[in-house]
Each structure stands twice: as C-alpha cells, then as structure tokens.
Number of protein chains: 2
Amino acid sequence: MRTAADQSVQNTGANRVTISDVSDALGLTKSTVSRALNDYPDIAEGTRLRVRRMAEKMGYNPLSFAQAIRTGLTRSVGLVIQMADHDAHRPFLAEFLAGVSQGASAEGWTLTLAAANDPDHTLETFSSMIRDRKVDGFIIPRTLVHDDRIELLRRKRIPFVLFGRTADPTDCAWFDLLGEDAMQDAVRRLAALGHSRIGFINGGLQYNYAALRRDGFLLGMQEAGLEADAHLMGDDAVTIAEGRLEALRMLRLPAPPTAIVCAVDMAALGVYRAAAECGLVIGSDLSTLSYDGTPDGAHATPPLSTYAVNFTRSGSTLSSLLIRRIRGEDPQDLRETEQAVFLDRGSAGPPALTSGEIAGRVAQHAA
Amino acid sequence: MRTAADQSVQNTGANRVTISDVSDALGLTKSTVSRALNDYPDIAEGTRLRVRRMAEKMGYNPLSFAQAIRTGLTRSVGLVIQMADHDAHRPFLAEFLAGVSQGASAEGWTLTLAAANDPDHTLETFSSMIRDRKVDGFIIPRTLVHDDRIELLRRKRIPFVLFGRTADPTDCAWFDLLGEDAMQDAVRRLAALGHSRIGFINGGLQYNYAALRRDGFLLGMQEAGLEADAHLMGDDAVTIAEGRLEALRMLRLPAPPTAIVCAVDMAALGVYRAAAECGLVIGSDLSTLSYDGTPDGAHATPPLSTYAVNFTRSGSTLSSLLIRRIRGEDPQDLRETEQAVFLDRGSAGPPALTSGEIAGRVAQHAA
DNA sequence: GTGAGTTCCGAAACCGGTTTCGGCAAGGGA
DNA sequence: TCCCTTGCCGAAACCGGTTTCGGAACTCAC
C-alpha cells in the first residue's frame, strides 16, 4: 500500500547527508562520530576535531527526531496561549512569540505552539503534548498566584519556566519584570511632582503580579510619607472599560485623587476616558502613570507615560532559561528579573488642580 | 558520559506503551500491528478490529518522531511570521494562531512557529526548517503578488498553502476572502445611500489583495453608473498615519469625496483623524466603509462599519487544507474562498453635505 | 487431485541516530 | 619483563516505529 509518504511531493529526502556518510568519509564508525559530536570524553581531541571539520564540510545536520527516538528529547519548547484571556496583552503577542522563537532557534531548537480556549482545555493540551512527546518543556505565560499549569507540570516532572512568579516557588525557574519597583517609582515621581492624593488601579488579582504591584505602590506611598487611602485603590481592571469605571468611581469621591497609578496600560487608557468625560485634562488636571508599554498608549493624547516591558527580550530569555532547565540546571539558578523602562511621555505633571477643585469639575460635568 | 537525556527530570518515559506491547498482548508481530493501524489492505478485517480495540484499550499512541524516522513526516505544520510587517494585522494574530493550532490538532498535528525579522531572514528560516525536517509543509500568510516564499517552496517541492492568492497559481492551494466582492458591495451600499463622489484608499500594492480590491471597487462604481475619479484613489495606506494623509489629500481637492472606501481598517481610522481635523463628522458629513474587522474599529466613534474576517476559522481551514495537501491531494482541489461579513456600525450614512460643502468646511478648518 | 491464485501474517531489514560494552594498544610502575 | 591502567575506538544492540519480502494456508477452477 502507498500512503502519505510517497504520494506527497516531499519524500524521505534523496541526498541528505547522514551520520554514516560522515563516518564513511573518515573511515570511522558512526558510533565514534556520534560520540565525537556529542563531546563524549572517550574520544581523542584530534579525532573530535577531524570529525567536526568533516561534518561541517559535508554539511551534516542530525535530524532531531532521529535523535529523539533514543534520547527522548525533541529540541522543542512548548507554549500554550489561552484565548479566553482578556486581550490586555495581545498587542505584545507577536513580539513575545518572536522572542521565544529567536531564543529557541539560537540553540537550534524550535517553538511548538498551541492555543486553548479555557483553563481546562489548557491542561488537556499540556497533557496531550506531554503524552505525545511533542516538546521537552514549557514556557508558562501570565502566571497566577495559584496556577494549575504549574501543579500539573510539577507533578508530571516536566521542565518549565514561568513568565512571572508564583506563590509556591518549588521547582520553579522564571523570568519576571519587577513591576513592584515600577509602581514604587511611579509614586516617587508623582510625589516629587507635588501630588499627595494618589490613587491606584490594580490588575487582575488572580495574577501573581497584582499583589506585588500593590505592595510596590504602598511601599512608594510609605516612602513618600503619604497616606494610602483605601477608597483610592481598586482592583481587577485590565480593560479600558474596567479602568474607566474604576477611575470614575474615584473621581466622584468627595476627595478625588490628583493622580492615578495603574498596574496596566489598558486601565490607564480607561482613566483617559473617565477624565475626558469629567472635563479633566490628562497630564495637568489629572496625572496618570502606568505599566506595560502598549503601542496604544503612545497614540493617546497626551501619550501615556508608562513603564515599558521588552517582550521580545523576555521571550528570548525565557527560551534560553527553559533550555538550560531541560539540560538539567537547578531551577534556583534559573531565576532572572529585570526592571521595566520608564517612558516619560507627558501623562503626569504637577497638579494643576487640587483634589477639591477636581471634585468640583467632576460635579459640574455630572450635571 | 551523561548528557541532557538523563540529567533532565524527564527521561525516556518509564511506562509508555509501545507498539511491541500491543503486539505482544495480541500474540501478533509489531509489523502486523503497524499495518493494521495504518490500514494496509493485506490485513484481515477481523485482525484490524482486534488490533484497534487492543490499542485503544491499552492507550497506545505512536510517537510521531518515531514514525518520522521512516516516513519522513513529522505531523507538523509550519508558520513563519514576519516581524517587519506593519502591524495592521497584529490584532488578529492570536485568533489566527488559535485557528491554525486547532485545525492542526484536530488531526493530531502540531504547529511549529518561527519568527523572522525581514524577507531574507524569512527565506533562511524556511530553508533551515526544511533542512532539519521540522515541518511537513507551510502556511504562507499575507501573500504578495510575486512572493519569494512561494518560489522557494515550489522549487524545493515542499507542500504549502496560501492565506491569500498570488499572481502565478501553479502548484498553489489557498484559502482567501473575497475582498473584491466586499469592496464592490461597499460601493453599492454607499451609492444606495446617495453618494456619488466616492474615494478609495487601497492597501500595500505589493500584497496580492490590493489589485483585487481595487478592481472590486471599480466594478462597484461601474455597476452603480458612477465615475471613478483617479484623484479620489490612493494606494499603500496600511496605517492610521498613512490613511490620514491620503484622506487629507482627497478632502483638500476642489471636489472632495463624500464617502471613502478603505481596503484596510487602519487606513479608515486614519480617515477618522483626517475628518476630525477638518471638522467633519464621520457617518454623516463624511462616510467611510472599510475591511478587516479590527477591534479598534469597534471602539471608534462612531464605530467603524467594516467587512470582518473570521481569522480563527481562516487559520483552521488553512491547517486542514495544508494537511490534505501534504497527504497528496491535488492543489487545484484545495482552493477555498469565503465572503467577509459586513458589520454595519454607523460609519456610513446618507451624505449630509455635498462635495462642495465639504470643500468649504475643509478650507475653513485649514485657516 | 492438482496447480494457480489469493489472503494474510511473520521475519527481518530499515530509518538515523545514541549508548553500552569489550578489547586493543600504549603507558607506567614494580 | 610483566601486569595493570588508561585512552581510544569498533562492534553491536537499541530506540519505536515502518516497509519489504516470502511463505503458509486456504480457495477455486479444471
């Protein structure tokens, strides 16, 4: 019977150079060539060099799936994106994927991508990719405080790397941005501009970053000698609509904030909307600083000042951490963090209005 | 020497059920089991059933890389995204990838993703993925009129499927949306609303869709008995900035358009900007219809009426077409098209102003 | 009853690598 | 000189499948 293999245009590849071709050309056996190329210690240095040069010259490249059959390793990093997620991070997806892909291919690895519709589907996808040995490990984006994906991989003893941190760091390698430092710095900047009533709109509390950024905000307030008013703090705003609502709520308080720090850019763009509706000018009447670095923020008026994340570099770092993890390095040695970069674009300035004046302006526009 | 394989937590997989386990359980040889599962004709129907049931019961799943070593097929579809592209299509990337991934996994295949920085890098990436047999075929997004990627794959005889069409259809399978029909329909709608001076802002001419959409626009004009004024036609606008410039150019003509059809949503959002600068209200003073269905359009005021593309379904269709192509089906039988869906959201209405009145308004705002 | 086909499965080679094991030769110590 | 290491490589098994080939058993026609 004839099946796919030979009906298809592509076949087993006529003139591919195999390890046997290399060993024949050198008068060695393929086992020697294999060990030479894989740096076994029982190969003489001269032989190793001869083999390397010949392999190079003949253009020999081992097939990863042929290696996999014995080693069990596919040389592939896995990534499962969840479609159910709000699209707060969608703008960065391309950059992030590019980074992951480049980090992988720098080591001769590939990126195997899957998409899932909901958390259950995500876990199923992980399981089937593991069962079929599609990948050697996973990158876990958008970590939660308590994350079932981590539980699963820990239990199955599959290597993984987090983009973010999590409550229980056991067996976890990660790369993360110090959002808490950014929030603290944001407060510091606003205080230096003369703000004293500063609000905070946090992101989704299920995400691990939320508690950290909140703590960073509070630390900044404390450092500046300012009181953190519970009424000026909100949670779970990751979209423009949610950010707008939370900002409106704060602005309608008897003593509204003169500045609002947002944990994510989308929420800050919601603050823009709320400000517009209340007749407040962002950057003078009301200041806001945010975090993410979305392209949308740059196009707003005024452009949004934000702490920007380099998603391309993040992705590539994660790939290389994961590969090192798969190669056996201790997770504790594979934990990197980085500072987000502040982009000062004008959405924060000295308070043009007092809290009371803002309250008046808001009341006026409510009528 | 101990290398990656056994230092890593994951190893060759203790209790995995192999084809030999199945054959032993049945008292058959593994060759018989293999042929039974692959529907060879020289296996008795009863045997085939016995084998299937036992394989099912024991939870046997062949390893794709073990099959690949003999068949040459990895059961993986390849996709290379170009980062250099303007980000007109970025918002859809997640949906598109989800579709491709789901279409692949429906057949037990996977998606191997790579990113490239420029056209040359793209071709190199294709070549190395082919050399290392990472994938069995490729999905080619955003096809150009003359596309080097297609040339390469045609030459190397690697199966591929286009998202879009191209000048030379030889060996090409594809899925595409009938943008030309959408443009024609847009003109029809505008004409029905009473517009007679209708402008057209096209996308990048290197893309295959551009000529098609232009022809669709012209056909619509002809059908409506309207004159297509060359001054009211522009090209290569795929960003907000480019759309704005082209719209401003048209609005400053002695006889400006009362409606503008755009080939891509981003250009239409540029029309919004231009209109705002000229004191024109979109949907009454100036109408616009567009194509893509970006989320951004839904948030504009008024929301942008546009012909929307279902990128998830597009991706999944492309995957299944590619798999059929790899299995040997004739490319000519693997060509599907679909209509974009019109979303009427209010950016087009009966002309509130004549062309002359618009010219007056524009001149007034220029001062 | 015999010869020619069919039907169906086993045996073994094969794919392209990796890994284990054994042994030869050189080197070193007594 | 002899023995014991040590260094280095070949031979062969192995990984988990697929594919080729041959032959036993059964069918059917004459």
Side-chain angles (χ1 to χ4, degrees), chain A residues 1-8 11-24 26-51 55 58 60-75 108 131-133, chain B residues 1-8 11-24 26-51 55 58 60-75 108 131-133:
Chain A
M1 173 182 185
R2 295 292 177 268
T3 45
D6 43 73
Q7 282 179 27
S8 88
N11 56 21
T12 160
N15 37 14
R16 189 183 173 76
V17 34
T18 72
I19 195 171
S20 298
D21 296 332
V22 178
S23 61
D24 288 352
L26 286 166
L28 295 171
T29 62
K30 56 179 191 169
S31 71
T32 302
V33 172
S34 171
R35 279 174 297 159
L37 292 176
N38 288 312
D39 288 325
Y40 275 58
D42 66 342
I43 297 293
E45 195 52 35
T47 307
R48 194 189 318 284
L49 253 65
R50 264 201 321 143
V51 170
M58 298 179 69
Y60 168 67
N61 289 90
L63 289 172
S64 60
F65 54 74
Q67 313 189 100
I69 192 182
R70 196 69 221 269
T71 63
L73 292 182
T74 313
R75 293 176 177 280
R131 168 169 57 76
D132 297 336
R133 296 263 197 294
Chain B
M1 173 184 186
R2 296 289 177 271
T3 46
D6 43 69
Q7 282 178 25
S8 90
N11 57 22
T12 159
N15 37 14
R16 188 184 175 77
V17 34
T18 71
I19 195 171
S20 298
D21 296 332
V22 177
S23 62
D24 288 353
L26 287 166
L28 296 172
T29 61
K30 57 177 189 169
S31 70
T32 303
V33 172
S34 172
R35 278 172 299 159
L37 292 176
N38 288 310
D39 288 325
Y40 275 60
D42 65 344
I43 298 293
E45 197 50 35
T47 306
R48 194 190 318 283
L49 252 66
R50 266 200 321 142
V51 170
M58 297 179 71
Y60 168 66
N61 290 91
L63 290 172
S64 60
F65 56 73
Q67 314 190 100
I69 193 182
R70 196 70 221 268
T71 64
L73 292 182
T74 313
R75 293 177 177 281
R131 169 170 57 75
D132 296 335
R133 296 265 196 294

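Proteins come first, then strands; the chains are lettered A, B, ... in the order of their sequence lines, and each starts at number 1. Values reported hereafter were calculated over all heavy atoms of this structure, with side chains retained and with hydrogens, waters and symmetry mates removed.
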- Please check if the side chain of Asp21(A) supplies one atom and the backbone of Thr18(A) the other of a donor-acceptor pair under 3.5 Å.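 Judged by distance alone, yes, a pair lies under 3.5 Å.
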
Value in whole Å for how far the [atom2] atom of [N] lies from [atom1] of [X]:
{"X": "Leu49(B)", "N": "dC8(C)", "atom1": "CG", "atom2": "P", "answer": "13 Å"}
{"X": "Arg133(A)", "N": "dG17(D)", "atom1": "CZ", "atom2": "C1'", "answer": "14 Å"}
{"X": "Ile19(B)", "N": "dG10(C)", "atom1": "CD1", "atom2": "P", "answer": "12 Å"}
{"X": "Glu45(A)", "N": "dC9(D)", "atom1": "CD", "atom2": "C1'", "answer": "15 Å"}
{"X": "Asp132(A)", "N": "dG17(D)", "atom1": "CG", "atom2": "C1'", "answer": "14 Å"}
{"X": "Phe65(B)", "N": "dT18(D)", "atom1": "CZ", "atom2": "P", "answer": "13 Å"}
{"X": "Leu73(A)", "N": "dG17(C)", "atom1": "CG", "atom2": "P", "answer": "16 Å"}
{"X": "Asp39(A)", "N": "dT18(C)", "atom1": "CG", "atom2": "C1'", "answer": "14 Å"}

Shortest side-chain distance from [X], nucleotide among [options]:
{"X": "Ser34(B)", "options": "dG16(D), dG17(C), dT19(D)", "result": "dT19(D)"}
{"X": "Tyr60(A)", "options": "dC8(D), dT18(D), dG17(C)", "result": "dG17(C)"}
{"X": "Thr71(A)", "options": "dT18(D), dG16(D), dT18(C)", "result": "dT18(C)"}

- Under 4.0 Å: is that the gap between some side-chain N or O of Thr18(B) and OP1 or OP2 of dC15(D)?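 No, outside the criterion.
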
- Would you please confirm or rule out a distance under 4.0 Å between OP1 or OP2 of dT18(D) and any side-chain N or O of Gln67(B)?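 Answer yes for this pair, as a side-chain N or O of Gln67(B) is under 4.0 Å from OP1 or OP2.
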
- Query: For Arg75(A), which residues count as a side-chain hydrogen bond (donor to acceptor under 3.5 Å, both in side chains) partner, sequence neighbours excluded?
  - Reply: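 Arg75(A) satisfies side-chain hydrogen bond (donor to acceptor under 3.5 Å, both in side chains) with no other residue.
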
- Which residues share a side-chain hydrogen bond (donor to acceptor under 3.5 Å, both in side chains) with Ser23(B), sequence neighbours left out: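 With sequence neighbours excluded, Ser23(B) shows a side-chain hydrogen bond (donor to acceptor under 3.5 Å, both in side chains) to no residue whatsoever.
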
- Message: Five pairs per end, C1' atoms only: what is the angle between the end axes of the helix from dG1(C)-dC30(D) to dA30(C)-dT1(D), to 10 degrees?
- Response: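 For the helix from dG1(C)-dC30(D) to dA30(C)-dT1(D), the axes at opposite ends meet at about 50°.
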
- Query: For the atom pair CG (Asn38(A)) and OH (Tyr40(A)), what is the distance rounded to the nearest 0.5 Å?
  - Reply: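 Result: 6.0 Å between the selected atoms.
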
- Spatial distance of atom CZ (Phe65(B)) from atom CG (Leu73(A)) [nearest 0.5 Å]: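 These two atoms lie 9.0 Å from each other.
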
- Task: Report the residues that fulfil salt bridge (Lys or Arg N to Asp or Glu O under 4.0 Å) with Asp42(B), sequence neighbours left out, ordered by chain and then residue number.
- Result: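 Only Arg35(B) meet the salt bridge (Lys or Arg N to Asp or Glu O under 4.0 Å) criterion with Asp42(B).
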
- Message: Under 4.0 Å, heavy atoms only, any strand: does Ser20(A) hit a base, just the sugar-phosphate, or nothing?
- Response: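 Here Ser20(A) touches no strand at all.
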
List every contact pair, protein side and nucleotides 10-13 of chain D side both N or O, where the distance is under 3.5 Å.
unit_1, atom_1, unit_2, atom_2, d
dG10(D), OP2, Thr29(A), N, 3.4
dG10(D), OP2, Thr29(A), OG1, 3.3
dG10(D), OP2, Thr32(A), OG1, 2.5
dG10(D), N7, Arg35(A), NH2, 3.1
dG10(D), O6, Arg35(A), NH1, 3.1
dG10(D), O6, Arg35(A), NH2, 3.2
dA11(D), N6, Ser31(A), OG, 3.0

- Any residue meeting side-chain contact (heavy atoms from CB on, under 4.5 Å) with Asn61(A), in chain and number order, not counting sequence neighbours: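 Expected list: Arg16(A), Arg131(B), Asp132(B).
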
- Counterpart residues, side-chain contact (heavy atoms from CB on, under 4.5 Å), relative to Thr47(B) (two or more places apart):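 Counting only residues at least two positions away or on another chain, Thr47(B) forms a side-chain contact (heavy atoms from CB on, under 4.5 Å) with Leu28(B), Thr32(B), Ile43(B), Ala44(B), Val51(B).
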
- Task: Would you name the heavy atoms of Ala66(A) and Ile69(A) that are closest together and state the gap between them?
- Result: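 Looking at all heavy atoms of both residues, the shortest contact is O-CG2, 2.9 Å.
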
